[in-house]
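Letters A, B, ... are given to chains in the order of the sequence lines, protein chains preceding strands, and every chain is numbered from 1. If you're wondering where the values come from, they're calculated on a predicted model, not measured in any experiment.
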Amino acid sequence: MNYTVNGEYVVLSDVTDFSLPATFECGQCFRWNADENGVYHGVAYGRALEIKSNGDDILLKTTELDFLDVWKDYFDLDTDYTKIRRHVSVNGHMEKAAEFGAGIRILRQEKWEALCSFIISQCNNIPRIKKIVETFCALFGAEISDGLYAFPTAEAIAGLTETDLAPLRAGYRTHYIMEAARAVVYGIIDLNGLAGLPPEAAIKALQTLPGVGLKVSSCMALYGLHHLDVFPVDVWMKKALALHFDCDFDPKVFSPYAGVAQQYIFNFERNNNGK
DNA sequence: AGCCAGGACAAGT
DNA sequence: ACTTGTCATGGC
């Protein structure tokens, strides 16, 4: 992966399989939005970014320092997703799903943000998840620049009450958010330490938190710990698996990229109604 | 209006 | 080991 610095932009000209809409709108993240010009705006690791495409180039409005420090890894630019697409295209349906999802890259999201976001996601729809997450940031995150907020730290949340979180309108998930924040701050769970564990052990540890079951912990492992072989199953995935796969299907056929395969399946099902 | 949403969990078979 | 009811809220 090569880059050049051009004025206020870092320019990627030889990166393959990087579509901004595919990556940002495939359901893995909740804080990136396109403006009327197709420029995506988002925040990660406490830094704001504008990113856009121009022909085959991707332009990031950032410094070289921040690019190397944050965004290069965030966008997983050292991973060859063209190769992964080929690897997971094990049958006709997967060929279609992977082709449709070409350009999706699995972001390396902040661990606490991934955990929190997918706690909020349970039994919820994506537009409302985005709304709750953004309100959460605006109310309790540090303001980076006017109108842009970092994801709230666990420390900032642990000292609050559930009444303080009421404006989120997150319902029964509010209690789970509070408990997760306290577990992090009190050292009951060590999110950074989880990164050194095998995926199954990390998932098991996460499930000791209230309101965190197999699905939420799997999403945290995939999007927050970048375990690309973890295969989260939600209602959309159940529908897709029932429609397009044998009943004895085993996601291990995609190993070590079952999580990426999952993203293609999920994305395809949501956008094509399974056709 | 009513069904459903990137679930988890306890209680009942 | 499976099925069911419940939880809070709003998008479509």
Identify, between A:Pro210 and A:Ser121, the residue whose nearest nucleotide on DNA chain B lies closer to the 5' end.
-> A:Ser121
Under 4.0 angstrom, heavy atoms only, what part of the nucleic acid is A:Gly211 near: base, sugar-phosphate, or nothing?
-> sugar-phosphate
Is there a donor in the side chain of A:Ser121 and an acceptor in the side chain of A:Asn124, or the other way round, less than 3.5 Å apart?
-> no
Nucleotide B:dG6, atom C1' - distance to CD of A:Glu25 in whole Å = 16 Å
Contacting residues from residues 226-240 of chain A, given that a heavy atom lies under 4.0 angstrom of DNA chain C = none
Would you call A:Leu77 and A:Phe67 a side-chain contact if the rule is heavy atoms closer than 4.5 Å?
-> yes
Given atom CD1 of A:Ile120 and atom P of C:dT9, what is their separation to the nearest angstrom?
-> 14 Å
Rounded off to whole Å, could you give me the NZ-to-C1' distance for the A:Lys215 and B:dC9 pair?
-> 16 Å
Provide, to the nearest angstrom, the distance between the CG atom belonging to A:Leu115 and the C1' atom belonging to B:dG7.
-> 14 Å
Distance test, side-chain N/O of A:Lys130 to OP1/OP2 of C:dG11, below 4.0 Å | no
Between A:Phe118 (CZ) and B:dG7 (C1'), how many Å, whole number?
-> 13 Å
Euclidean distance for P, B:dA1 against C:dA8 (whole angstrom) | 23 Å
For A:Leu209, report the nucleic acid contact type (base, sugar-phosphate, nothing); a contact means any heavy atom under 4.0 Å.
-> sugar-phosphate
Find the distance A:Phe266:CZ to B:dA5:P and express it as a whole number of Å.
-> 11 Å
Under the 3.5 Å rule, do the base of B:dG6 and the side chain of A:Glu269 count as making a donor-acceptor pair?
-> no
Looking for any heavy atom pair under 4.0 Å, which part of the strands does A:Gln262 touch: base, sugar-phosphate only, or nothing?
-> base
Considering only atom C1', compute the distance from B:dG6 to C:dT3 and round it to an integer number of Å.
-> 22 Å
Any donor-acceptor N or O pair under 3.5 Å, side chains A:Glu95, A:Tyr264 = no
How is A:Leu214 classified with respect to the nucleic acid when contacts are heavy atoms under 4.0 Å: base, sugar-phosphate, or nothing?
-> sugar-phosphate
Rounded to the nearest angstrom, tell me the gap between atom CD in A:Glu162 and atom P in C:dT9.
-> 12 Å
Assert yes or no for the condition that the ring centre distance of A:Tyr257 to A:Phe231 is strictly below 6.0 Å.
-> no
Under 3.5 Å, side-chain donor or acceptor atoms of residues 99-107 of chain A against the rest of the protein: list the pairs with distances, not counting sequence neighbours.
residue: A:Arg105; atom: NE; partner: A:Phe75; partner atom: O; Å: 3.0
residue: A:Arg105; atom: NH1; partner: A:Thr16; partner atom: O; Å: 2.9
residue: A:Arg105; atom: NH1; partner: A:Asp17; partner atom: O; Å: 2.9
residue: A:Arg105; atom: NH2; partner: A:Asp76; partner atom: O; Å: 2.8
residue: A:Arg105; atom: NH2; partner: A:Thr79; partner atom: O; Å: 2.8

Would A:Ser255 and A:Asp229 count as a side chain to side chain donor-acceptor pair (under 3.5 Å) if you check the C-alpha gap in whole Å, the side-chain angles of each, and the deciding distance to 0.1 Å?
-> CA-CA 6 Å; A:Ser255 192; A:Asp229 206 24; 2.9 Å; yes
Check nucleotides 5-8 of chain C for protein N or O atoms closer than 3.5 Å to its own N or O atoms and list the pairs.
residue: C:dA8; atom: O4'; partner: A:Tyr172; partner atom: N; Å: 3.0

Intermediate values then yes/no, side chain to side chain donor-acceptor pair (under 3.5 Å), A:His244 and A:Glu269 = CA-CA 10 Å; A:His244 312 298; A:Glu269 195 65 30; 3.2 Å; yes
Provide, to the nearest angstrom, the distance between the CZ atom belonging to A:Phe30 and the C1' atom belonging to B:dG6.
-> 7 Å
When you check the side-chain N and O atoms of A:Tyr223 and A:Glu110, is any donor under 3.5 Å from an acceptor?
-> no
Answer yes or no: is there a side-chain heavy-atom contact under 4.5 Å between A:Phe118 and A:Ile129?
-> no
Where does the angle between the aromatic ring planes of A:Trp32 and A:Trp71 fall among parallel (under 30°), tilted (30 to 60°) and perpendicular (over 60°)?
-> perpendicular
